[in-house]
Amino acid sequence: MQLTGFHHLTAMTAHIRENRRFYTEVLGLRLAKRTVNQDDVRAYHLYYTDGAGSPGTDITFFDWDIPPERRGTRSIVRTMFRVAGAEALSWWQRRLADAGLAVGEVMDWAGRPTLPFEDPEGQRLALVDDGGQGPDPVIWERSPVPPEYQLRGLGPVVLSVPDPGPTAAVLIQVLGMRRVRDLPSPEDGRHVLHVFAFGEGGPAAELHVLAQPDLPAAQPGAGGVHHVAFRTPNEREYQAWLRRLNQVGVRNSGPVDRFWFKSLYFREPGGILFEIATDGPGFAIDEPLEALGEKLALPPFLEPRRAEIEANLKPID
């Protein structure tokens with residue numbers, strides 16, 4: 001039983017129309033599922049992915065009218081996407097600067113060339129040269145980004161906690177991750193960055209934990225991250241993860257059926273929300289692959305409320 005990579009990462013936006021424009025028109029991702037937050041149907045839940053809606057390529061957003069995040073610890077502080085090679089990083093640096101974004105210089109992050117930047121709401125992102133490691137994405141033929149520069153998927157993801165010890169115990173003893181190295185934070189040498197690998201490891205399957213005891217706790221808000229989800233391949237292993245969490249006394253949500261995948265939620269000791277999600281059945285279960293994300297998709301249990309739900313959503317096209 002092994003987590004195989006990141007499934008998705010869910011963040012928050014207060015400007016959903018501009019969010020859609022940025023992630024599809026600037027980053028060149030596909031809007032592969034246009035749905036609502038199943039626990040708050042007044043809010044969109046948009047999934048941006050590769051050309052096929054593949055697990056491991058998703059950054060998703062809840063649409064909430066909330067103030068900006070107050071940055072701090074006990075939070076996910078940077079979401080990285082993989083790209084192929086130094087030329088891709090240079091191309092992206094020019095593109096992001098031309099779009100008027102806060103973009104830094106290429107830096108060394110845990111041994112890999114990395115380009116940090118922020119989206120228009122201050123969502124902290126980065127592009128990392130994955131050296132050809134990790135799964136290849138399905139090219140999105142209608143993307144404004146040339147195929148050779150398209151984002152290859154998630155990873156690594158960076159957390160901040162005040163005390164890395166309890167978090168490390170859960171990552172290693174419960175989730176089966178491996179602690180591979182510790183090094184000074186590339187952004188602030190006073191802090192230590194702990195690198196954990198899972199699955200086959202590499203940039204597509206590394207969780208980075210920053211120890212930042214001198215920071216206040218983050219206040220969630222727009223431009224911040226809600227949770228990160230890890231991949232499990234099938235129902236059998238999903239049930240095995242549920243048993244493991246229960247056996248070791250980790251409080252969790254119990255099984256949650258999201259229709260396109262099944263979920264299991266819990267918080268690590270630093271308070272950050274984790275999810276374990278199945279690869280299937282996938283986004284094409286209710287829409288043709290060629291038409292993913294073009295219309296509002298609802299899970300069957302919300303379908304009877306479609307008229308009410310649509311009436312309360314703002315246009316995003």
Side-chain angles (χ1 to χ4, degrees), residues 1-11 47 49-50 53-60 76-82 110 112 128 130 133-137 152-159 161 164 166-181 193-210 225-258 260-283:
M1 187 173 69
Q2 188 176 77
L3 300 172
T4 57
F6 294 103
H7 188 280
H8 65 270
L9 178 135
T10 295
Y47 291 75
T49 73
D50 70 356
S54 306
T57 68
D58 313 28
I59 185 168
T60 90
I76 295 170
V77 297
R78 193 168 296 276
T79 304
M80 298 188 183
F81 289 92
R82 298 175 294 112
R112 299 186 186 97
V128 57
D130 69 2
Q133 292 181 278
D136 294 327
R152 289 170 46 79
L154 288 169
V157 170
V158 186
L159 317 181
V161 295
T167 296
V170 168
L171 298 182
I172 295 168
Q173 298 170 22
V174 179
L175 298 182
M177 297 188 186
R178 309 178 299 281
R179 188 169 183 164
V180 295
R181 60 190 180 279
L193 180 70
H194 306 277
V195 177
F196 296 85
F198 55 104
E200 296 182 358
E206 281 183 1
L207 191 67
H208 293 184
V209 178
L210 275 169
V225 176
H226 189 269
H227 67 270
V228 62
F230 306 102
R231 293 176 67 180
T232 193
N234 52 50
E235 174 75 15
R236 179 181 60 79
E237 294 212 3
Y238 170 77
Q239 292 296 333
W241 282 112
L242 175 60
R243 290 193 297 273
R244 173 176 287 188
L245 293 180
N246 289 335
Q247 286 167 356
V248 299
V250 174
R251 295 180 60 185
N252 62 82
S253 63
V256 179
D257 190 345
R258 297 300 188 194
W260 301 288
F261 49 88
K262 291 186 176 180
S263 298
L264 182 61
Y265 300 90
F266 61 99
R267 292 191 183 273
E268 56 80 38
I272 297 167
L273 185 60
F274 284 175
E275 176 184 353
I276 295 174
T278 59
D279 281 356
F283 291 144

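Everything numeric in this text was worked out from a predicted model, so none of it was measured. These numbers come from the heavy atoms of this one structure, side chains and all, not from hydrogens, waters or symmetry mates.
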Taking the side chain as every heavy atom from C-beta outward, state whether F196 and R179 have any atom pair closer than 4.5 Å.
yes
Side chains of V209 and L171, heavy atoms from C-beta outward: is any pair under 4.5 Å?
yes
Got a sec, which residues hit side-chain contact (heavy atoms from CB on, under 4.5 Å) with [X], two or more places apart in sequence or on another chain?
X: P281; value: I285
X: Q239; value: E235, L242, R243
X: R236; value: N234
X: A169; value: Q173

Between the side chain of [X] and the main-chain N/O of [Y], is any donor-acceptor distance below 3.5 Å?
X: R181; Y: A110; value: yes
X: T10; Y: H226; value: no
X: R82; Y: Q133; value: yes
X: R112; Y: D130; value: no

Starting from the C-alpha separation in whole Å, work towards a yes-or-no answer on side chain to side chain contact (heavy atoms under 4.5 Å, CB included) for V228 and L154.
CA-CA 11 Å; V228 62; L154 288 169; over 6 Å; no
Once you round to the nearest 0.5 Å, how far does [atom1] of [X] lie from [atom2] of [Y]?
X: L175; Y: L3; atom1: CG; atom2: CG; answer: 5.5 Å
X: K262; Y: D257; atom1: NZ; atom2: CG; answer: 5.5 Å
X: T232; Y: H7; atom1: OG1; atom2: NE2; answer: 9.5 Å
X: I76; Y: L159; atom1: CD1; atom2: CG; answer: 5.5 Å

Looking at every heavy atom in both [X] and [Y], which two are closest together, and how far apart are they?
X: T4; Y: P233; answer: CG2-CD, 4.4 Å
X: A204; Y: G134; answer: CB-CA, 4.2 Å
X: V180; Y: A197; answer: CG1-CB, 3.9 Å

Just list the side-chain donor-acceptor pairs under 3.5 Å for residues 265-277, sequence neighbours left out, or say none.
residue : atom : partner : partner atom : Å
Y265    : OH   : R258    : NE           : 3.1
Y265    : OH   : R258    : NH2          : 3.3
R267    : NH1  : G271    : O            : 2.8
E268    : OE1  : T167    : OG1          : 2.5
E268    : OE1  : G270    : N            : 2.8
E268    : OE2  : G270    : N            : 2.9
E268    : OE2  : G271    : N            : 3.0
E268    : OE2  : I272    : N            : 2.9
E275    : OE1  : H8      : NE2          : 3.1
E275    : OE1  : H227    : NE2          : 2.8
E275    : OE2  : S263    : OG           : 2.5

For Y47, what residues pass the ring pair (Phe, Tyr, Trp, His ring centres under 6.0 Å) criterion, not counting sequence neighbours?
H45, F283
I'd like to know if D279 pairs up with R231 as an ion pair, taking the criterion as any Lys NZ or Arg NE/NH1/NH2 lying under 4.0 Å from an Asp or Glu carboxylate oxygen.
yes
I want to know whether F6 and F198 have ring centres closer than 6.0 Å.
yes
V77, V158, T79 screened by side-chain contact (heavy atoms from CB on, under 4.5 Å) with V225, the one that passes
T79
